[in-house]
Amino acid sequence: MKSIFLIVILAGLGWWKPVFPALNTSFKPGEIWLDTDGEHINAHGGGILFHKGKYYWFGEHKTAGKGGNRANVGVSCYSSTDLYNWQNEGIALPVAPENSGSEIEKGCVIERPKVVYNARTKKFVMWFHLELKGQGYNAARTAVAVSDSPAGPYTYLKSHRPNAGVWPINFNPAWKAKTITEKDLKAWGDEWKHEVAEGLFIRRDFEKGQMARDMTVYVDDNGKAYHLHAAEENLTLHISELTDDYLNFTGKWLAVAPAGHNEAPAICKYKDKYYLITSGCTGWDPNAARSFVSESMWGPWQPLGNPAVGQGADLTFESQGTFILPVAGKKDAFIFMADRWRPNNPIDGRYIWLPLVFENGKPVLRWQDEWKLNTFATAKR
Ligand code: DGJ
């Protein structure tokens, strides 16, 4: 009797959460996703690393209310063996103290962290979009941190404006000498698109390095890694090769879909082709996703249209993509991970994970209120 009384008291105080964590057995896109401590998972704009039988989910740690999209805490990490139940591993990369002068001091912007494992160096490498404190989104940098263990702690190394002093491999040498600048152009239209395609911003940022905002990192089957990011004032995507240690840029890079306004790149490989899913650029508001296919990372990338179908497809089911996760142990099984942002209360942002399937050579996303991994075939990869 006494113990029942105690349980009732503890439940009343909210202490039941860690005592009786509920086991999740399915994905419920858009609902509150509780971790094993009973707290809503706080890993937005995330990406997942699979290492030695465990998934590690890294994401932006958001806080409540105004200012909650700034990096007040750092990059979170959660781990799971079944993708449904996630244990909070703490802050993998903490922000530096305010006024410390660090590039990642509290109040900067850290977005879309992605972690990859380097089999040669045996290091875990985290890349993320970094905006310096007090500079809005003007810095447009990508930054790298490193760790000896998947959940961290990660040591901050440095930030980059990629590919300073090098032209992309698909750049016509005749465009190098053009002198036209933004000031010479009037309202946005065909003339702008033409000039962007002929290197308007690539020339402007040539010495300083190219802009890098929304990003992801992809490691190919042969161990080569690539950094994909929104550049040129979010107008054009850049794909850049990383050095063998994944800590730097080699200088080989490609401009993709010039003036196409693509953000939120997410990539996967299916039947020897690369598929890229992006969004348009509407701030925290959702828009229609886009998709592209290529036989090589170096293009040509062919547009395939909106991968989302059915009701809600025009706003990607009120979300914006962040990562495509290949499910371990299952052949051709991919999860499209997206964020339903809540800019007025960022900590309340929701996760939209949906099966990504391929139909007639195109990636396809359909809404599901609830789904399980058994939607995929079970054969080994
Ligand atoms: C859209 C991007 O995809 C997000 O990561 C974030 O940068 C917002 N824009 C900021 O408005």
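All ligand and atom numbering here is 1-based and tracks the order in the structure.
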Task: Side-chain heavy-atom pair Arg290, Asn306 within 4.5 angstrom cut-off - done: no
Open item on the list: In the structure I gave you, are the side-chain heavy atoms of Thr216 and Phe323 within less than 4.5 Å of one another anywhere?
Closed with: yes
Task: Qualifying residue, where the test is salt bridge (Lys or Arg N to Asp or Glu O under 4.0 Å) with Arg204 and the options are Glu232, Glu182, Glu195 - done: Glu182
Task: Side-chain H-bond candidate by donor/acceptor type, Ser79 with Gln87, under 3.5 Å - done: no
Open item on the list: Check this for me: Arg350, atom CZ, are more than 12 non-hydrogen atoms of other residues, nucleotides or ligands nearer than 6.0 Å?
Closed with: yes
TODO: Would you check ligand 1 and list the protein residues that come within less than 4.0 Å of it by any heavy atom, ordered by chain and number?
DONE: Glu111, Arg112, Tyr137, Asp214, Glu263, Gly283, Trp284, Gln320
Open item on the list: If the threshold is 4.0 Å, N to carboxylate O, is there a salt bridge linking Lys133 and Glu103?
Closed with: no
